[in-house]
Amino acid sequence: MKRHPNISVRTSEHVTAASACISEQDIKKWFEGIKQYLKEEGSYDILSDPTRIFNGDETGFSLCPKTKAVLAPKGCKDVYEVSVGNSKENLTVMFVFSAAGVMCYLMVVYNYKRIPQNILSSVPSNWGIGLSDSGWMKSETFYEFIANIFHPFLVQNNIKLPVILFVDGHKSHLTYQLSTLCSDLQIILVALYPNSTRILQPADVAAFRPLKEGWKRGVFEWRKQNCSMAAVTKMSVVTIQVLLVFIKIQDCVLDVDIV
């Protein structure tokens, strides 16, 4: 380290062998393929209009977020934090951002057969509620999001069609029924280059980190104001209230550069 001052200690990121083999040439070729497709379809002007370029992805928010550094007596070897609620439980939320920094209405996914009334009454009317056995996104839920949330958002905001929507290559995003729907609604659905979402997924690279930090601060603040041992659960309307507060704060600072 003394002999090479240009070297610093960094935390390495674990990637799969397939992801490690992705080259800059592969990514540039993928972009060129998209440009060529848009030219053939007569929609190349989309790339010059950031309001028509979108990126979508779902993520999980921990209902029991972990703290990082805490204050403790010097020499204390064991520092514990009592888990409030289920530390492994997450709330899945579907996000779509535009290259202009505008966020579409959300969809919150629950692992219920029937949504409790207190949750239904707390969710904003322009948000979506999805149901799945696992609590994660599935093809039917994503279809509902495109048909009932994303497309109405485009219409209400007078966004010129067609638009382009970049998503990852998860099987829930790439069904025949969804492809047909997107064609009818003038939504060009494009899957990101395989095994490269850590590089090409704007939601992961730029947007989700500040959103999750805001979520964590919101949950901790709610605990302070109520009870330090109070738990945030999916059944509680607090999850939606906290989500609403930090979404409003972060909405004005989002800056997603897709192309």
Side-chain angles (χ1 to χ4, degrees), residues 1-34 50 53-84 86-101 103 136-137 166-170 173 190-221 223 242-243 246-247 249-259:
M1 295 286 290
K2 290 181 180 180
R3 287 185 289 112
H4 300 278
N6 59 320
I7 296 177
S8 62
V9 177
R10 300 288 300 275
T11 301
S12 62
E13 179 183 357
H14 290 272
V15 297
T16 63
S19 179
C21 293
I22 300 298
S23 67
E24 182 179 351
Q25 183 179 3
D26 294 331
I27 295 176
K28 286 184 176 181
K29 185 177 180 181
W30 176 76
F31 273 111
E32 289 299 327
I34 294 174
I53 304 174
F54 292 88
N55 169 235
D57 195 16
E58 60 271 359
T59 189
F61 292 91
S62 174
L63 299 184
C64 184
K66 297 179 180 179
T67 56
K68 294 182 180 179
V70 296
L71 297 177
K74 289 184 177 180
C76 184
K77 296 182 179 180
D78 300 316
V79 180
Y80 299 103
E81 177 187 7
V82 179
S83 296
V84 181
N86 188 346
S87 60
K88 296 183 178 179
E89 192 171 20
N90 289 275
L91 183 70
T92 301
V93 184
M94 178 69 202
F95 289 90
V96 169
F97 309 96
S98 78
M103 185 164 55
W136 288 98
M137 184 64 68
F166 291 94
V167 294
D168 60 39
H170 192 268
H173 301 155
V190 178
L192 297 171
Y193 191 78
N195 302 307
S196 66
T197 53
R198 65 186 177 88
I199 303 172
L200 296 180
Q201 178 63 281
D204 286 338
V205 174
F208 284 160
R209 183 174 180 178
L211 288 175
K212 290 191 175 184
E213 285 298 321
W215 165 264
K216 183 184 295 186
R217 290 195 301 271
V219 172
F220 289 157
E221 185 63 29
R223 287 180 184 171
V242 173
L243 201 60
F246 86 83
I247 285 297
I249 295 174
Q250 296 294 338
D251 190 35
C252 61
V253 298
L254 289 175
D255 185 10
V256 182
D257 188 7
I258 294 180
V259 177

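All residue numbers in this chain count up from 1 along the given sequence. These numbers come from the heavy atoms of this one structure, side chains and all, not from hydrogens, waters or symmetry mates.
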Checklist entry - In chain order, what residues pass the side-chain hydrogen bond (donor to acceptor under 3.5 Å, both in side chains) check against Lys2, with sequence neighbours excluded? => result none
Item to check | Partner set under side-chain hydrogen bond (donor to acceptor under 3.5 Å, both in side chains) for Ser8, not counting sequence neighbours | outcome: none
Next on the checklist: Tell me if a side-chain donor or acceptor on Asn55 pairs with a main-chain N or O of Phe97 at a distance below 3.5 Å.
Outcome noted: no
Next on the checklist: Nearest 0.5 angstrom please: Ile27 CD1 to Tyr193 OH, how far?
Outcome noted: 8.5 Å
Checklist entry - When rounded to the nearest 0.5 angstrom, what distance separates OG1 in Thr59 from CE in Met94? => result 11.0 Å
Item to check | Those residues that, when tested against Leu71, pass side chain to side chain contact (heavy atoms under 4.5 Å, CB included) (two or more places apart) | outcome: none
Next on the checklist: To check you understand the geometry: which heavy-atom pair defines the closest contact between Met1 and Ile7, and what is its length?
Outcome noted: CE-O, 3.6 Å
Checklist outcome for this item: Closest non-hydrogen atoms of Ser98 and Pro50, given as atom of the first, atom of the second and distance, are CB-O, 4.0 Å
